[in-house]
Amino acid sequence: MVSDGRVVSNPLKRCSCNNCGHGFHTQSFSEEQIKEIYSADYSIGLRDAVAEAARSAEYSRQIEAFLTHHLGNEANFSKIIEFGCGSGTLLSHLTNRLGAQISTGVEPSSRIAANARSNVGGRISIHEGFAEQFEASPPGYNLCLSVNVIEHTRNSLGFLQACRRVIDKTGNIVVICPDGEIVGSELLFYDHISNFTSASLAMIVAGANLRMVANSPLTGSLQGFRIYLLQFGDADPDSQIRGFAFLSQERAEYVNTWSKIRDATNRVLKGRKYGIFGTGEYSDLLHAYSPSVIENAEFFVRDQPVEADFYGKPVVSVKDFLSFPRMPLIAAVHERSWSLIRDRFGSEDVPIFHSLEIARQDAIL
């Protein structure tokens, strides 16, 4: 599955380096494949404007706190550029929070770029294209930002070199991407070409003649992602060979467990009517990799529905669902949110399951 929910026919075949922990596809992507994925049809971030705004606000808060912690309050962010700016919502937040005079967003999808132009203010310009194609003349941005972009790039070294080209000699680069040392659903996105550990990214950063100044896990609703601060300078990468064989094993086990979800869920809920809680990316993943789990559901449930139907099923509010006779729910939520959702519906005497737990033969009522 591509990260905006589209299903592609290509098989998911990944490798994992036992030395640095870097994850990658067994076959390289061509430039044409990348352009096809991020064509005008690519629509990530456009489905739920309210959720997108909330995510962007939290990203901007944590980015500002990270920069203040490592650079102080006097750092200059008068000119900001964001590669892969999406809807432009995050760039708008940071332009205001960091006091930028000029900001530039670069977005490869024409559909998303057009949407961004309608969202941003007068200090922000949106350009359509890839980071590697963008040329700042002269280079002079104080901050180059990319959030959940580098893992999508065909050439992560070339991407970091593009980031380096647009900043001035005292500028900063902020990269956020999934934390590759946390095994989870990131592995299931076909267009996540790379899975980065801090060690593997540090080697690529050094190859781009940059140095990794700091990195830190994000927290709260952004748990599972890591933020990196890069600057000009000679890197001092850790040359020690690290033991990441355990990570390779965990990744293989996770993907293999997903391959069992369909049969395990059908076995546990055979003959029972059920609903699915959530209409986000986890539901998309179930639709892609275990379609019968979606097809056999009666409806979807979410707190505040923004759509009338989803994958051909009606979407009802939690309030309406709780007025129905008690019916099992599949929690289509990230594993890190599972315990909260389980306890929430458990207090309402609703039998609720997580498909991954079912596949692990550890179904929780």
Give me each pair satisfying salt bridge (charged side-chain N to carboxylate O under 4.0 Å, His left out) with a member in [range], each pair once, sequence neighbours excluded.
{"range": "residues 295-312", "answer": "D48-R302, R302-E307, D303-R344"}
{"range": "residues 215-232", "answer": "D179-R226"}
{"range": "residues 117-127", "answer": "none"}

Whether over 12 other heavy atoms sit under 6.0 Å from E253 CD: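 Counting other residues, nucleotides and ligands, CD of E253 exceeds 12 neighbours.
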
Donor + acceptor pair across side chains of N142, S78 (<3.5 Å):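 Result is yes, a qualifying pair exists.
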
Would you indicate whether the side-chain heavy atoms of [Y] and [X] approach each other to under 4.5 Å?
{"X": "I150", "Y": "I204", "result": "no"}
{"X": "D284", "Y": "M1", "result": "yes"}
{"X": "R111", "Y": "Y42", "result": "no"}

Main-chain N/O of G84 paired to S146 side chain as donor or acceptor, under 3.5 Å: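 Side chain of S146 to backbone of G84: no pair is present.
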
Polar side-chain atom of Y254 near backbone of S185 as donor-acceptor pair, under 3.5 Å: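 Pair found, side chain donor or acceptor close to backbone of S185.
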
Same cluster for [X] and [Y] if Ile/Leu/Val/Met/Phe/Trp/Tyr side chains link at under 4.5 Å?
{"X": "V175", "Y": "L222", "result": "no"}
{"X": "I37", "Y": "V7", "result": "no"}
{"X": "F324", "Y": "V301", "result": "yes"}
{"X": "V147", "Y": "I44", "result": "no"}

Residue list, side chain to side chain contact (heavy atoms under 4.5 Å, CB included) with T257, at least two apart or on another chain: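 Expected list: L356, A359, R360.
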
Residues that S221 engages under side chain to side chain contact (heavy atoms under 4.5 Å, CB included), provided they are two or more places apart: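 Partners of S221 under the side chain to side chain contact (heavy atoms under 4.5 Å, CB included) test: E58.
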
Please name the pair of heavy atoms, one in [X] and one in [Y], separated by the smallest distance, quoted to 0.1 Å.
{"X": "N148", "Y": "C177", "answer": "OD1-CA, 3.6 Å"}
{"X": "R251", "Y": "G21", "answer": "NH1-O, 2.8 Å"}
{"X": "D191", "Y": "S3", "answer": "OD2-OG, 2.7 Å"}

Distance-only check: which donor-acceptor pairs under 3.5 Å involve side-chain atoms of residues 154-163, not counting sequence neighbours?
from: R154; atom 1: NE; to: F29; atom 2: O; distance (Å): 2.5
from: N155; atom 1: OD1; to: L157; atom 2: N; distance (Å): 3.1
from: N155; atom 1: OD1; to: G158; atom 2: N; distance (Å): 3.0

Results of ring pair (Phe, Tyr, Trp, His ring centres under 6.0 Å) for [X] - residues two or more places apart only:
{"X": "H69", "answer": "none"}
{"X": "H287", "answer": "Y311"}
{"X": "F225", "answer": "none"}

Residue among I81, I80, N96 satisfying side-chain contact (heavy atoms from CB on, under 4.5 Å) with L91: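 By the side-chain contact (heavy atoms from CB on, under 4.5 Å) criterion, L91 pairs with just one of I81, I80, N96: I80.
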
Matching residue for L329 among F321, Y274, F353 - test: side-chain contact (heavy atoms from CB on, under 4.5 Å):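 Going through the options one by one, the only one that passes is F321.
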
Separation of N296 CG from N266 CG (nearest 0.5 Å):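 These two atoms lie 5.5 Å from each other.
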
Exercise answer: donor-acceptor pairs, residues 99-107 side-chain atoms, under 3.5 Å, sequence neighbours excluded:
from: S103; atom 1: OG; to: T95; atom 2: OG1; distance (Å): 2.7
from: T104; atom 1: OG1; to: Y141; atom 2: OH; distance (Å): 2.7
from: E107; atom 1: OE1; to: G86; atom 2: N; distance (Å): 2.9
from: E107; atom 1: OE2; to: S109; atom 2: N; distance (Å): 3.1

With sequence neighbours excluded, residues passing side-chain hydrogen bond (donor to acceptor under 3.5 Å, both in side chains) with S317: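 Result, side-chain hydrogen bond (donor to acceptor under 3.5 Å, both in side chains) vs S317: D320.
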
Sequence neighbours excluded, every pair satisfying ring pair (Phe, Tyr, Trp, His ring centres under 6.0 Å) that has a member inside residues 77-129: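 Pairs touching residues 77-129 that pass the test: H127-F134.
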
